[in-house]
S.K.: 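Before we start, here is the structure in question, set down as structure tokens.
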Amino acid sequence: MRTLSRRAALAADPAVGAGNVLARVLAGGADPSGPGITFDTAVDGFAAEHPLTLGELDERVDARAAWLHAHGVKPRDPIAIWTSSAADHILGFLALTRLGAIPALINGNLAAEIVAEYIRRLRAVGVIGDGAHLELLRPYDLGTPILGDSAAIAEADPADAPTPYRHHQDDPIVITHTSGTTGIPKSVLHTHSSLFAATRHLLTMPQAQGTGRILNALPAPHTATVLMMNQALGNRAEFFALSSQAGDAVVDAIQRWKPESVFGFSVTWAELARQDLSAYDLSSVRLWFNTGDCTHEPHVRKLVAQGNRDTVSREGVVRVPGSHFIDGLGSSEMGHSMFHVTHRIDTDSYGRCIGKPYKFVDVAVLSLDGEEVGVGEVGHLGIKSPTLSPGYWNDSGTTYRFRLNGYYLTGDLVYRDAEGRFFHMDRAADSTDGFYTAQAEERILVACPDVADCTAVIVNENGQVITDVLLELAPDALDRDRTEEVRKALGDELGATLRKVEASADIPKGATGKVRKVLLRERQLTS
């Protein structure tokens with residue numbers, strides 16, 4: 001059967017969903033010796049970066065399912081997984097969903113006290129993880145037992161695995177979480193159908209250029225990695241799952257593994273853009289794909305200058321220098337990016353343009369009374385989509401707080417232009433009196449080429465709007481006062497509110513924009 005017809009058959013399969021893609025792909029006749037998943041750590045006797053075949057992947061999942069089943073894990077049991085390894089998160093997810101249980105994937109970088117409280121609020125049935133993370137949890141009362149080390153659960157006999165659970169489309173299949181930068185993260189639930197809705201749609205369309213060999217630099221415990229893994233399995237693509245999203249780790253992996261596409265968040269693109277990319281061989285890359293927060297123009301421009309892409313000419317399909325960058329806006333709650341815009345060397349759809357919505361989503365720009373605002377007016381982004389999370393696990397109050405007039409409020413401020421394109425202004429929590437931090441950062445980065453990244457915080461103190469800016473300078477940037485340069489970039493109105501510009505190297509490596517804003521806001525309060 002041709003790949004295209006297999007993709008179409010999978011999309012039309014009423015039983016398939018985010019909890020059983022691996023099993024349904026094999027049941028549909030996929031070659032067990034074909035591509036499964038490559039991990040950056042050793043897995044069950046296989047060396048790091050050994051490309052597991054589909055059959056080897058299935059066997060490794062069965063081994064874990066057998067162990068978990070023998071230790072009493074049942075359908076609909078929430079099981080927390082805390083580790084730093086992409087292999088542990090992905091194989092744990094696949095094994096638990098094979099049993100009908102609900103993996104709760106937790107970022108390995110969170111503080112232990114936050115994770116302990118998060119697990120208590122989940123009311124998880126058990127916890128698994130690597131030895132180092134489990135040791136950090138031992139001082140805490142989790143309200144649930146530690147089932148075992150993630151290395152131990154791989155030692156069972158795959159033949160002892162029970163018959164795979166038969167999912168209903170509404171069954172919960174994974175709990176992921178929000179960033180946790182301002183407290184205990186929210187636990188985002190997804191179902192068998194919701195987390196496959198976008199994949200089902202994409203499988204009915206021609207396979208995107210450059211998605212035959214994918215480097216996944218998305219965080220392994222994030223919703224986005226589950227999505228990308230299932231898309232890769234459905235497309236029968238090669239898929240390399242990284243455990244680190246740091247720029248140096250990603251660029252090294254590109255050189256070694258030669259992917260056609262790289263998937264990640266904006267923090268990774270910012271780190272890549274800080275480096276001298278001409279010193280690396282990135283010629284294999286045809287596509288960069290971003291989700292989460294949209295990406296700043298200077299970072300995109302540095303990436304699309306790398307790699308190659310196919311284009312149609314009078315001579316037919318030819319390969320030309322420069323890659324594609326697909327940008328969008330997504331979150332755990334959305335279940336997939338809601339928008340998409342494609343950048344190339346010769347395009348100029350910037351200014352935090354997130355493009356147009358996918359066909360499966362209904363988008364509205366709303367006032368807080370639930371009415372739609374007009375073209376060009378900034379409002380709250382509301383969405384309706386089959387990909388949406390049904391809500392927060394054990395927290396119906398927060399779930400319904402973000403619903404308005406039938407829409408889910410994403411927490412973003414946007415506007416749409418007359419051509420139907422959408423532009424991201426800011427997170428609503430970061431906006432003050434009609435001033436927008438994300439747009440301020442975009443202006444600074446475009447105007448100041450020796451600034452690698454920046455963070456703006458705008459607050460109202462006693463009726464006065466005050467803006468502080470933290471700059472992260474390029475390695476070769478001169479040490480000088482940039483206050484007036486930044487003020488000019490911000491424009492007259494926002495520039496008049498500028499209080500302080502500082503350059504700092506003490507921001508944690510890999511810190512997201514949300515983390516940097518929290519740190520800068522703390523500096524404001526103590527200054």
Side-chain angles (χ1 to χ4, degrees), residues 18 104-107 110 118 173-191 194-199 216-228 230-231 245 263-269 289-295 326-341 352 354-355 357-358 360-366 379-393 395 398-404 407-414 422-431 437-438 512-518:
L105 309 178
I106 304 174
N107 187 332
L110 289 181
Y118 179 77
I173 56 98
V174 70
I175 299 167
T176 59
H177 63 73
T178 55
S179 65
T181 55
T182 57
I184 306 300
K186 297 188 287 293
S187 51
V188 182
L189 176 66
H190 282 287
T191 69
S194 69
L195 208 53
F196 192 70
T199 302
N216 186 71
L218 296 159
H222 199 278
T223 306
T225 286
V226 178
L227 281 164
M228 283 317 308
N230 280 337
Q231 285 186 32
Q245 294 76 54
F263 285 65
F265 285 159
S266 58
V267 62
T268 293
W269 314 134
F289 186 95
N290 175 68
T291 187
D293 298 328
C294 62
T295 304
I326 298 179
D327 202 0
L329 185 72
S331 67
S332 295
E333 292 93 338
M334 295 182 198
H336 193 271
S337 296
M338 295 290 100
F339 303 86
H340 58 98
V341 60
R352 295 188 67 78
I354 52 177
Y358 282 98
F360 54 77
V361 60
D362 173 14
V363 176
V365 185
L366 304 169
H380 294 261
L381 176 60
I383 61 173
K384 297 177 184 177
S385 171
T387 67
L388 268 179
S389 162
Y392 299 108
W393 185 259
D395 191 354
T398 303
T399 295
Y400 290 106
R401 192 175 300 125
F402 288 93
R403 266 44 178 195
L404 178 66
Y407 289 90
Y408 164 70
L409 293 182
T410 70
D412 297 287
L413 296 174
V414 301
F422 286 75
F423 292 78
H424 184 256
M425 299 300 289
D426 210 355
R427 294 287 296 170
D430 296 326
S431 155
T437 64
T512 65
K514 292 177 183 177
V515 170
R516 292 197 301 270
K517 285 186 190 297
V518 169

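Computed from a prediction, not measured in an experiment: that's the story for all the values here.
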S.K.: What are the two closest heavy atoms between S266 and C294, and how far apart are they?
M.R.: CB-O, 4.0 Å
S.K.: For the CZ atom of F196 and the CD1 atom of I173, what is their distance to the nearest 0.5 Å?
M.R.: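 Those atoms lie 11.0 Å apart.
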S.K.: Could you tell me whether the side chain of N230 and the main chain of A18 form a donor-acceptor pair under 3.5 Å?
M.R.: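 Yes.
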S.K.: Do H336 and F360 come close enough that some side-chain heavy atom pair is under 4.5 Å?
M.R.: yes
S.K.: With rounding to the nearest 0.5 angstrom, report the CG to NE2 distance, L227 to H222.
M.R.: 9.5 Å
S.K.: Any side-chain heavy atom of V414 sitting closer than 4.5 Å to one from V363?
M.R.: no
S.K.: Check side-chain contact (heavy atoms from CB on, under 4.5 Å) between Y400 and all other residues, then give those that pass, not counting sequence neighbours.
M.R.: S396
S.K.: Hey, could you give me the CE/OG1 distance between M338 and T387, rounded to the nearest 0.5 Å?
M.R.: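 So the CE of M338 and the OG1 of T387 are separated by 3.5 Å.
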S.K.: Check whether any side-chain heavy atom of R352 lies under 4.5 Å from a side-chain heavy atom of F423, and answer yes or no.
M.R.: no
S.K.: Between OG1 of T268 and CG of N290, what distance do you get to the nearest 0.5 Å?
M.R.: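 Result: 9.0 Å between the selected atoms.
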S.K.: Is there a side-chain contact between S337 and F289 in this structure, where contact means two heavy atoms from C-beta onward sitting under 4.5 Å apart?
M.R.: yes
S.K.: Using 0.5 Å steps for rounding, measure from the CD1 atom of I106 to the CD1 atom of I175.
M.R.: 9.5 Å
S.K.: Could you tell me whether a side-chain N or O of D327 sits under 3.5 Å from a main-chain N or O of V341, the two making a donor and an acceptor?
M.R.: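 Not a single qualifying donor-acceptor pair exists.
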S.K.: Is there a side-chain contact between P390 and T191 in this structure, where contact means two heavy atoms from C-beta onward sitting under 4.5 Å apart?
M.R.: yes
S.K.: Any donor-acceptor pair under 3.5 Å linking the side chain of D426 with the backbone of L413?
M.R.: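 It does not hold such a pair.
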S.K.: Does any non-hydrogen side-chain atom of T398 lie less than 4.5 Å from one of R401?
M.R.: yes
S.K.: Let's go through Y408 and R403 carefully: what are the C-alpha distance in whole Å and the side-chain angles of both, what is the deciding distance for side chain to side chain contact (heavy atoms under 4.5 Å, CB included) to 0.1 Å, and is it a yes or a no?
M.R.: CA-CA 5 Å; Y408 164 70; R403 266 44 178 195; 3.5 Å; yes
S.K.: For the backbone of P185 and the side chain of T178, can you confirm whether one donor and one acceptor N or O come within less than 3.5 Å of each other?
M.R.: no
S.K.: Any donor-acceptor pair under 3.5 Å linking the side chain of D412 with the backbone of L381?
M.R.: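 Flag not set: sc D412 to bb L381 has no pair under 3.5 Å.
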S.K.: Any idea which heavy atoms bring W269 and G264 closest together, and the distance?
M.R.: CZ2-N, 3.3 Å
S.K.: Taking atom NE2 of H190 and atom CE of M334, what is their separation to the nearest 0.5 Å?
M.R.: 11.0 Å
S.K.: A220 and Q245: which non-hydrogen atoms are nearest, and at how many Å?
M.R.: N-NE2, 4.4 Å
S.K.: Check S332, S389, S187, P221 against T176 for a side chain to side chain contact (heavy atoms under 4.5 Å, CB included) and give me the one that passes.
M.R.: S332
S.K.: Does any part of the side chain of Y392, heavy atoms only, come nearer than 4.5 Å to the side chain of L189, both counted from C-beta?
M.R.: no
S.K.: Parallel, tilted or perpendicular, judged at 30° and 60°: which one describes the rings of H177 and Y118?
M.R.: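 Rings of H177 and Y118: perpendicular, as their planes differ by over 60°.
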S.K.: Taking the ring centre of each residue, are H424 and F339 less than 6.0 Å apart?
M.R.: no
